[in-house]
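What follows is a single structure, written as C-alpha cells, with notes after it.
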Number of protein chains: 2
Amino acid sequence: MDSRTKLLDAAKRLVWERGVEATSPNMLLACSGVGQGSLYHHFGSKAAWAEAAITSLAADLTVETDELFSAHAPGAEQLRAYLSKPRAALDGCRLGRLAFDPEIRANDALRAPISTYFEHLRALLRPAVRATGAVEDGELDVDDVVEAICAVVQGGYVTSRLSDDAGALDRACRGLLALLGIDH
Amino acid sequence: MDSRTKLLDAAKRLVWERGVEATSPNMLLACSGVGQGSLYHHFGSKAAWAEAAITSLAADLTVETDELFSAHAPGAEQLRAYLSKPRAALDGCRLGRLAFDPEIRANDALRAPISTYFEHLRALLRPAVRATGAVEDGELDVDDVVEAICAVVQGGYVTSRLSDDAGALDRACRGLLALLGIDH
DNA sequence: GTCTATAAGCTGATAGAC
DNA sequence: GTCTATCAGCTTATAGAC
C-alpha cells in the first residue's frame, strides 16, 4: 500500500472519529505510519487532505446507500430497509457528525461533498415516499416527509451519543416507521 | 457586570458557536474582555469553565422548554408547540451541537448536564404523546415516538447546517407533525 | 518520494507582583 | 481579584538534503 493510500485511509478514520478541526497533521502521521515529508508531498495543506477524506467518505456512503435502495422494491420496502439498517449509533454518521465542525463551516469545499450526498439521499427517498401512496390524498407533503426521514436518522445519532445509548437511534427509527404505517 | 459573569457569558456564546474542543482560553479572554489572571482565578482549568458553560446552557434550555410545555394543554397541543417553535436552524441546538465534540466524549462531567436535559425532555414528551390517544390501540410505542420527536429536531439542525438551508429543520418538523396527524 | 531540521504562532496553563 | 511574564508542548507548515 503506497503512502498516499495510507494517508487517505488514516485521514478518513480520524475525520470520522474526531472531525476535521480536532485532527492534527501529527495525528495523521502517527495513525498512518507515514513521514512528514510524504504528507506534504501528497497533500499541500490540512484542507487538502481533509477535503480528500470527506470526498472519499461521501463516495463510500453514496455507494452503500445506492446499493441499499437498489436491493429493494421502490416504495415502502426501501424506506423500511433504510430505517432498519444496522448503524453504529455511538460512532456517529461519517458525514453528519461534521455538521458543527468549525472547519467545515469555514470552508465550503469541505461542506460541498456532504451537501451533495444529502441531496442525493433526498432524491432516492422522494420516489420511495411517493410510492407508499400515503401522500396521494394530499395529506402529506413529500418533501416534508423526506426531510423527517433524513432528520430522524441524523438526530438519532445525536441523541444516542449524548445519552450514551445506542438504542436511542433504533427507537427513533422504529417510531418513524410506525408513524409511516410501514412497520409490519 | 463582574468578571466571572463576563467569562461565563462569553464561554456560553463560544461553546454554542464553536464547541468545547475548538474554543481556546485566548478566545475566551478576547470575547469576554477579561484578563488572563482573572480567568485562572475564577476557573482552574479549561474543563472547569466548559462545564460551567454547558451547565448554564442546559439550565437555560430547561427553563425555556418547561415554559413551552406548561403554556399549552397536555397532549397534541404541546407536541405542536414543541415542533413548531421557531429555531435558529443554522446556529444549531446549544446542547445537541456538542454531540461529536471530542472533549465531550473524553469528559463525562461535560456530557452529564446534556444527557440530563434530554432525559427531562423525554419525560415531558412521554405524557404528551400518550395523551394524543394514538398509542392506546397498541399500534405505537410511546418511547419510540418520543425518541423520533427528539431526533427529528436534532437531525433537522444537522441537515439544515449541512445543506446551508434553514428550511430543512422546518420541513422535517412539519413532516413529523403530519405523520403524527396533529398538523391541523 | 521520503527524510530530518527548523520555525512562527498558538494552547493551556503557572508564578509572582500589585 | 487582576495584572504581566514566562513556559513546555503542540500546530501547521517550509526548507533542503538524499
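Every value quoted in this text rests on a predicted model; they were computed, and no experiment measured them.
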- Please test A:D143 against B:R171 for salt bridge (charged side-chain N to carboxylate O under 4.0 Å, His left out), starting from the C-alpha separation and ending with a verdict. CA-CA 7 Å; A:D143 288 330; B:R171 285 196 297 280; 6.0 Å; no
- Task: Evaluate the criterion salt bridge (charged side-chain N to carboxylate O under 4.0 Å, His left out) for residue pair B:R126 and B:E119; output intermediate values, then yes/no.
- Result: CA-CA 11 Å; B:R126 221 169 278 132; B:E119 211 39 70; 3.7 Å; yes
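B:M1 places its CE atom 17 Å from the P atom of D:dG1, with the value rounded to the nearest Å. Look at CD on B:E21: it is 18 Å from P on C:dC10, rounded to the nearest Å. For the pair B:Q36 CD and C:dG16 C1', the interatomic distance rounds to 14 Å; values are reported in whole Å. In this structure, B:H41 places its NE2 atom 15 Å from P of C:dT14, rounding to the nearest Å. Between the CZ atom of A:F43 and the P atom of D:dT11 there is a distance of 19 Å, given to the nearest Å. Atoms CG (B:L29) and C1' (D:dT2) sit 12 Å apart, rounded to a whole Å. Protein atom NZ of B:K46 is 16 Å distant from nucleotide atom P of C:dC10, rounded to whole Å.
Nearest to the side-chain atoms of B:H42 among the listed nucleotides C:dG12, C:dA5, D:dG1 stands D:dG1. Checking D:dT11, C:dA13, C:dT4 against every side-chain atom of A:P25, the shortest atom distance belongs to D:dT11. Ranking D:dT12, C:dT14, C:dT11 by closeness to the B:Y40 side chain, first place goes to C:dT14. Listed candidates were D:dT11, C:dT11, D:dT14. Nearest to the side chain of B:M27 is C:dT11. Of the candidates C:dG1, C:dA13, C:dG12, the closest approach to any side-chain atom of B:E103 belongs to C:dG12.
Distances shorter than 4.0 Å separate some side-chain N or O of B:N26 from OP1 or OP2 on C:dT11. Taking side-chain N and O atoms only, A:S38 has no distance below 4.0 Å to OP1 or OP2 of C:dG1. The shortest distance between the side-chain N/O atoms of B:S3 and the OP1/OP2 oxygens of D:dT2 is below 4.0 Å.
Salt-bridge annotation for B:D60 and B:K12: present, with a side-chain N of the basic residue lying under 4.0 Å from a carboxylate O of the acidic one. Salt bridge annotation for A:R111-A:D108: present, with a cationic side-chain nitrogen under 4.0 angstrom from a carboxylate oxygen.
Expressed to the nearest 0.5 Å, how far CG of B:D9 lies from CG of B:L14 amounts to 11.0 Å.
Heavy-atom nearest nucleotides on DNA chain C were determined for B:W49 and for B:G37, and the one closer to the 5' end corresponds to B:W49.
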